[in-house]
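What follows is a set of notes on a single structure, which appears directly below.
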Amino acid sequence: MELVAAAALGKFIGAGLAAIGSGAAAIGVGNVAGNFLAGALRNPSAAGSQTATLFIGLAFAEALGIFSFLVALLLMFAV
Amino acid sequence: MTTTNTTTEAVAGAAEAGHEAAKAGMPQLDFSTFPNQIFWLLVTLLVIYFVLSRVALPRIGATLAERKGAITNDLAAAEELKLKAVAAEKAYNDALVSARVEAGKIVAQAKADIQKDLDAAIARADAEIAAKAAESEKSIGEIRAGALEAVTAVATDTAGELVAALGGKADAAAVQAAVTAALKG
Amino acid sequence: MAGEAQAHGEGGLAFHPLDQFKVTPLFGDGPIEWYTPTNVTLWMALAAIVIILVFAVGSKGRALIPSRVQSLGEMAYGFVYKMVEDVAGHDGAKFFPLIMTLFLFILSANMLGLLPGSFTPTSHIAVTAILGFGFFIFVTVLGFVKNGAHFLGLFWMSDAPLILRPIIAVIEVISYFVRPVSHSIRLAGNIMAGHAVMKVFAAFAPMILISAIGVVVTPVSILAITAIYALEVLVAFIQAYVFTILACVYLKDALHPGH
């Protein structure tokens with residue numbers, strides 16, 4: 001029984017640690033959006049044509065955060 | 001375990017709840033439902049694809065093209081109308097200019113006519129004035145001549161009377177000569 | 001945390017953030033065979049019906065001055081068509097109906113999933129994996145059919161230094177095969193995460209019935225649900241957009257591997 005409790009504890013600790021990844025992804029997403037805004041303010045005429053690139057960048061940055069969220073979910077509910 | 005789960009759910013702690021959920025697992029990882037989901041997904045996608053590619057998209061594309069054509073036509077018509085408006089404005093301006101020229105001509109004509117009338121009137125008046133002046137000059141000359149004659153007569157008479165009064169015998173011819181000389185002198 | 005534990009002690013709060021994703025049969029309680037009509041069937045059918053109503057029925061008028069529904073369909077048509085043409089190029093326009101199908105299915109499934117009590121097919125990895133891997137296989141086959149062995153030039157950076165090229169090629173191959181994974185997990189993960197977070201906040205909402213601290217917790221959680229819901233509406237659209245535009249990018253790589 002103690003082993004089960006320890007495993008549960010480890011699961012939750014692991015899930016919490018994995019959730020840190022979401023924060024890291026948030027930094028990445030903010031970086032992408034912030035740099036895009038800085039560039040767009042410098043050259044607003046070129047900004048419109050680059051929104052697709054912006055979203056692709058955001059998607060890539062965000063996907064890794066989603067992976068860490070997934071790891072947390074797996075630890076919580078599937079392992 | 002299942003019966004205890006339902007009955008003791010009220011007192012389940014956080015860890016136990018997690019444990020219970022772990023028993024249930026993530027519905028996403030319940031592989032027994034995968035064939036079902038995949039089958040219905042494929043059916044849905046096929047239906048959507050066929051409706052879109054056979055019916056909806058060609059129709060929308062045609063409508064959009066039609067609208068684009070209509071807009072292009074309307075724009076061309078508008079362009080034509082604009083050209084017409086420009087031409088009309090030009091005609092109007094031309095008419096305005098010619099009318100102005102005409103008016104100028106009429107004004108000049110009227111001015112010339114008036115000038116002619118004026119000149120004629122001035123000439124007439126000048127002639128009249130000249131005639132009157134000549135007449136008056138003549139009458140003045142007559143008056144002056146008359147006056148000179150009268151002065152000579154009066155002077156002769158006066159001189160004859162004076163000579164008579166002084167006891168002399170007045171020779172009319174001599175008196176007259178003297179008077180004339182005096183008047184001339 | 002103490003309040004939460006206490007609440008659990010009093011037996012009020014029940015956290016089941018993942019129950020909403022359960023696949024259940026529509027009729028009866030039997031086992032789920034591959035043909036069983038389930039809530040997946042229902043909500044996918046609803047998505048298809050919405051799409052058919054807006055795009056097939058709504059465009060029936062072919063009016064020169066569009067009605068609201070018609071102009072909705074036309075806007076979506078123009079939006080996706082421009083995306084395909086901008087990203088995948090002119091010859092990508094041939095695959096416009098396919099991309100449009102992906103976009104509309106994901107968008108309407110996401111949006112319908114936001115209705116309270118609904119089921120979201122796109123939150124399931126099985127669904128998004130079929131979408132992602134299916135498109136991946138389609139694009140890869142298309143690349144080889146169109147370009148033959150030249151398609152492998154996608155992995156061989158001819159403008160990199162010669163020594164680095166094999167290393168880059170390995171990395172490129174790995175990243176190429178990770179594409180469908182991230183493509184599908186991104187969609188499912190985003191939708192799942194948003195719905196689970198909403199459900200967690202919803203579980204906090206009845207706190208006021210249980211303990212005094214609920215006076216604070218309940219309004220905060222209701223406000224949070226509202227805010228997260230608004231965010232989820234945005235995410236529902238953005239994820240459909242991102243999925244579609246990445247599909248366009250992959251399509252472009254298949255059609256023009258040498259950039």
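Here is how names work: the chains are called A, B, and so on, in the same order as the sequence lines, proteins then strands, and each is numbered from 1. It should be emphasised that the depicted structure is a prediction, and the values quoted were computed from it without experimental measurement.
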Notebook entry, point to check: How are the rings of C:His195 and C:Phe21 set to each other: parallel, tilted or perpendicular (split at 30° and 60°)?
Noted result: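 Correct class here is tilted.
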
Among the options [options], pick out the one with the most heavy-atom pairs lying under 4.5 Å from chain C.
options                            : result
B:Phe34, B:Phe31, B:Phe39          : B:Phe39
B:Ile38, B:Val55, B:Val43          : B:Ile38
B:Leu41, B:Asp30, B:Thr63, B:Val51 : B:Leu41

Identify which part of [X] has an atom lying under 4.5 Å from any heavy atom of chain B, answering side chain, backbone, both or neither.
X        : answer
C:Glu33  : backbone
C:Ala109 : neither
C:Leu64  : both
C:Pro31  : neither
C:Gln70  : side chain
C:Phe55  : both

Notebook entry, point to check: Run the side chain to side chain contact (heavy atoms under 4.5 Å, CB included) check on C:Val242 and C:Phe237 step by step: do they pass?
Noted result: CA-CA 9 Å; C:Val242 162; C:Phe237 176 76; over 6 Å; no

Margin query: So which residue, C:Val54, C:Ile125, C:Asp19, C:Thr36, ends up with the most heavy-atom pairs under 4.5 Å with chain B?
Written below: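 Heavy-atom pair counts peak at C:Thr36.
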
Next item on the list: Report the option among C:Val57, C:Thr41, C:Ile65, C:Ile130 that has the most heavy-atom pairs separated by less than 4.5 Å from atoms of chain B.
Entry: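 It is C:Thr41.
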
Per-residue contact mode, [X] against chain C (heavy atom under 4.5 angstrom):
X       : answer
B:Leu64 : side chain
B:Leu52 : side chain
B:Leu42 : side chain

Are side-chain heavy atoms of [X] and [Y] found at a separation under 4.5 Å?
X        : Y        : result
C:Tyr241 : C:Met83  : yes
C:Thr128 : C:Ile185 : no
C:Phe105 : C:Leu131 : yes

Next item on the list: Using modelled atom types only, decide if a donor and an acceptor are shared between the side chain of B:Asn36 and the backbone of C:Pro37 within a distance under 3.5 Å.
Entry: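 Checking the backbone N and O of C:Pro37 against the side chain of B:Asn36, no donor-acceptor pair under 3.5 Å is found.
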
Checklist line | Distance in Å, C:Ile52 CD1 paired with C:Leu104 CG, rounded so as to fall on 0.5 Å steps | finding: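 If I round to the nearest 0.5 Å, the distance is 11.5 Å.
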
Check: Atom NZ in B:Lys111, atom CG in B:Asp113: separation rounded to 0.5 Å?
Finding: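 One gets 12.5 Å once the value is rounded to the nearest 0.5 Å.
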
Notebook entry, point to check: For the residue pair C:His183 and C:Phe243, is the inter-centroid distance of their aromatic rings smaller than 6.0 Å?
Noted result: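 Yes.
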
